[in-house]
Protein chains: 2
Amino acid sequence: MATTDQMIAAVHAYVEAFDKSDVSIIDNIFAEDATVEDPIGTPIHNGKAAILAFYSGAMQTGAKLALQEPVRVVADYAAFAFSVVLNYGGSEKKIDVIDTFKFNGAGKVVEMRAYWGPTNMNGF
Amino acid sequence: MATTDQMIAAVHAYVEAFDKSDVSIIDNIFAEDATVEDPIGTPIHNGKAAILAFYSGAMQTGAKLALQEPVRVVADYAAFAFSVVLNYGGSEKKIDVIDTFKFNGAGKVVEMRAYWGPTNMNGF
């Protein structure tokens, strides 16, 4: 099973990936057969290639993540609250999000789900 | 499907239930066939009777919930970050938690999952 330290480090690396607009960090966090559902209810990005394409697009918006510590960690899950801050249409926008990561035994994320909807979008 | 307003109101009622130590508020939030897994990885409380017994016990510790707004709402889910504050062993303890609620079409919670582990327990 993934260790608590591995899971917390993966969340911090996820924030760093956006800070640096470096999708190679995302590549290192996720398992090859991972799924990403962002937000919940939208089509799932299935497998590493689809996931990297999704995050490359997200990073092109200039989005940065402001993590609201602490990361919650239990069993093979991490859950974390944060705000996405991005410039869109000439002004700063903020989206409040909670993500959950499920990890495999190698410490890689196999399932990511993002909880945010219209009421969590500020300034749009 | 549950409305956004219903889902946010259910989360606020959940906090109020602890504030008032009133399990009848919990009774009103959850569906008869709901499940509660708190924290993830522990045995699931299955059905209303088991759920009310679980929350009655939790309230007997004097636990109160400090919600970290905003509640994240999408599709048939709400996710929310909070701290549980309780007195235990003569001093105040704090547990940082993220819960997810899944709702049925009548606006009742059918699945609750709580994300918190040893690293989220402060002062124990």
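In what follows, chains are A, B, ... by sequence order, proteins preceding strands, each numbered from 1.
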Which one of V71(A), T100(A), T4(A), V97(A) has the most heavy-atom pairs closer than 4.5 Å to chain B?
V97(A)
When hydrophobic residues are tied together by side-chain contacts of less than 4.5 Å, even through go-betweens, does [X] share a cluster with [Y]?
X: I98(A); Y: F18(A); answer: no
X: Y77(A); Y: F101(A); answer: no
X: I25(A); Y: I51(A); answer: yes
X: F54(A); Y: I44(A); answer: no
X: V36(A); Y: V15(A); answer: yes

Could you tell me whether a side-chain N or O of [X] sits under 3.5 Å from a main-chain N or O of [Y], the two making a donor and an acceptor?
X: N120(A); Y: V73(B); answer: yes
X: D76(A); Y: G41(B); answer: no
X: R72(B); Y: Y115(A); answer: no

Would you say that W116(A) contacts V74(B) through its side chain, given a criterion of any heavy-atom pair below 4.5 Å between the two side chains?
no
T119(B) side, atom OG1; D5(A) side, atom CG - distance, nearest 0.5 Å
9.0 Å
Can you say whether T42(B) sits under 4.5 Å from chain A via the side chain, the backbone, both, or neither, judging by heavy atoms?
neither
Measuring heavy-atom distances to chain B, does D96(A) have an atom under 4.5 Å in its side chain, in its backbone, in both, or in neither?
both
